[in-house]
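The structure appears below as structure tokens.
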Amino acid sequence: MTEYERSRTMPAQPEHVFDQAAHVGRLDSWLPEALHVEAGQLPAVTVHEDRTDEDTSALFRARPDQMRLEWGTRDQGEYAGWLQVAGLDGGASEVTVHLSFFDEGHDPGEQAVTDALDTSLRRLEEQVRLHVGHAAG
């Protein structure tokens, strides 16, 4: 098993960050650009990966009381992950994303994963800024 984790501080209340991250219809706005999520009967979702042009059955759960998202493959057991939002002083938040690959063949490698996680966190922050700024203005 291989695990990866990245964090980023975002200048928004944790509730705003979690709401943006947890909105199933907006997952494509911050997930790696090669992944597309189609909600089924939640927690069931289908993940399409452009790199392989394959659809994978997966699960996606939002736990608002814990400000935590959890996901993973449903049948294959290839990977799982979570996103945790924590409040910081001054109205900021820290967002941590963790991925576990149980199947070596599904792990694209450390550089690819850390780049994808960093890009996803940056894209999530951009979405948070857009929605929080829009709601405030």
Side-chain angles (χ1 to χ4, degrees):
M1 179 170 75
T2 307
E3 298 186 86
Y4 303 97
E5 190 169 292
R6 304 297 278 183
S7 296
R8 185 177 183 105
T9 300
M10 299 187 187
Q13 293 289 332
E15 296 80 11
H16 296 301
V17 175
F18 180 81
D19 288 347
Q20 181 61 39
H23 193 287
V24 177
R26 291 191 204 132
L27 290 175
D28 285 2
S29 70
W30 66 270
L31 286 175
E33 292 176 348
L35 296 178
H36 309 282
V37 177
E38 183 178 320
Q41 193 72 19
L42 290 176
V45 296
T46 300
V47 178
H48 180 81
E49 186 174 350
D50 290 345
R51 182 175 57 92
T52 61
D53 197 32
E54 292 180 0
D55 291 334
T56 302
S57 297
L59 298 172
F60 176 82
R61 289 188 179 91
R63 301 188 186 280
D65 57 323
Q66 299 172 8
M67 284 201 267
R68 183 179 179 93
L69 303 177
E70 299 171 343
W71 62 84
T73 50
R74 196 170 13 171
D75 303 322
Q76 301 86 348
E78 296 166 343
Y79 66 87
W82 51 262
L83 177 144
Q84 182 72 54
V85 181
L88 300 174
D89 290 339
S93 302
E94 182 176 49
V95 181
T96 302
V97 180
H98 183 96
L99 289 178
S100 300
F101 290 94
F102 306 111
D103 174 358
E104 260 184 52
H106 201 73
D107 180 356
E110 182 176 4
Q111 189 66 51
V113 174
T114 56
D115 287 351
L117 291 177
D118 286 340
T119 299
S120 292
L121 287 168
R122 180 186 49 76
R123 291 177 71 204
L124 176 58
E125 181 178 4
E126 289 169 3
Q127 292 302 309
V128 168
R129 286 179 188 268
L130 283 171
H131 287 87
V132 170
H134 181 69

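In what follows, residues are counted from 1 in the order of the sequence shown. Because the structure is predicted, anything quoted here is derived from the model rather than measured.
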[X] [atom1] to [Y] [atom2] distance, which is reported to the nearest 0.5 Å:
X	Y	atom1	atom2	answer
Leu83	Leu121	CG	CG	7.0 Å
His131	Gln20	NE2	CD	4.5 Å
Arg68	Thr96	CZ	OG1	10.0 Å
Thr119	Arg6	OG1	CZ	10.0 Å
Phe18	Leu124	CZ	CG	11.5 Å

(Q) Once side-chain contact (heavy atoms from CB on, under 4.5 Å) is applied, do any residues pair with Ala116, and if so which ones, sequence neighbours excluded? (A) Pro32
Q: Check side-chain contact (heavy atoms from CB on, under 4.5 Å) between Gln111 and all other residues, then give those that pass, not counting sequence neighbours.
A: Thr114, Asp115
Main chain of [Y], side chain of [X]: is a donor-acceptor contact present, judged purely on distance under 3.5 Å?
X	Y	result
Thr73	Glu78	yes
Gln84	Met67	yes
Glu126	Ser29	no
Ser100	Glu3	no
Ser93	Ala12	yes

Who pairs with [X] by salt bridge (charged side-chain N to carboxylate O under 4.0 Å, His left out), at least two apart in sequence or on another chain?
X	answer
Glu125	Arg8, Arg129
Arg63	Glu70
Asp50	none
Glu15	none

With a 6.0 Å cut-off (strictly less than), is the heavy-atom count around [atom1] of [X], excluding the residue itself, greater than 12?
X	atom1	result
Glu33	CD	no
Arg61	CZ	no
Glu38	CD	no

Grab the two heavy atoms, one from [X] and one from [Y], that are nearest each other, plus how far apart they are.
X	Y	value
Leu99	Gly81	CD2-CA, 4.1 Å
Pro14	Ala92	CD-O, 4.2 Å
Gly109	Tyr4	C-OH, 3.6 Å

(Q) Show me the pairs that pass ring-ring contact (aromatic ring centres under 6.0 Å, His included) and involve residues 66-98, at least two apart or across chains. (A) Tyr79-His106, Trp82-His98
Q | Of all pairs that satisfy ring-ring contact (aromatic ring centres under 6.0 Å, His included), the ones with a partner from residues 31-60, not counting sequence neighbours | A | none
(Q) Tell me whether Val95 shares a hydrophobic cluster with Leu88, the cluster being built from Ile, Leu, Val, Met, Phe, Trp, Tyr side chains joined at under 4.5 Å. (A) no
Q) Linking I/L/V/M/F/W/Y whenever their side-chain heavy atoms sit closer than 4.5 Å, directly or via other members, would Leu31 and Leu59 fall into one cluster? A) no
Q | Any residue meeting side-chain hydrogen bond (donor to acceptor under 3.5 Å, both in side chains) with Thr9, in chain and number order, not counting sequence neighbours | A | none
Q) What pairs with Ser57 under side-chain hydrogen bond (donor to acceptor under 3.5 Å, both in side chains), at least two apart in sequence or on another chain? A) Arg74
Q: Applying side chain to side chain contact (heavy atoms under 4.5 Å, CB included) between Val85 and each of Leu69, Asp19, Val17, report the one that passes.
A: Val17
Q | Residue pairs passing the salt bridge (Lys or Arg N to Asp or Glu O under 4.0 Å) test where at least one lies in residues 83-112, sequence neighbours excluded | A | none
Q | Transitive ILVMFWY cluster of Phe102, excluding itself - 4.5 Å side-chain cut-off | A | Met1
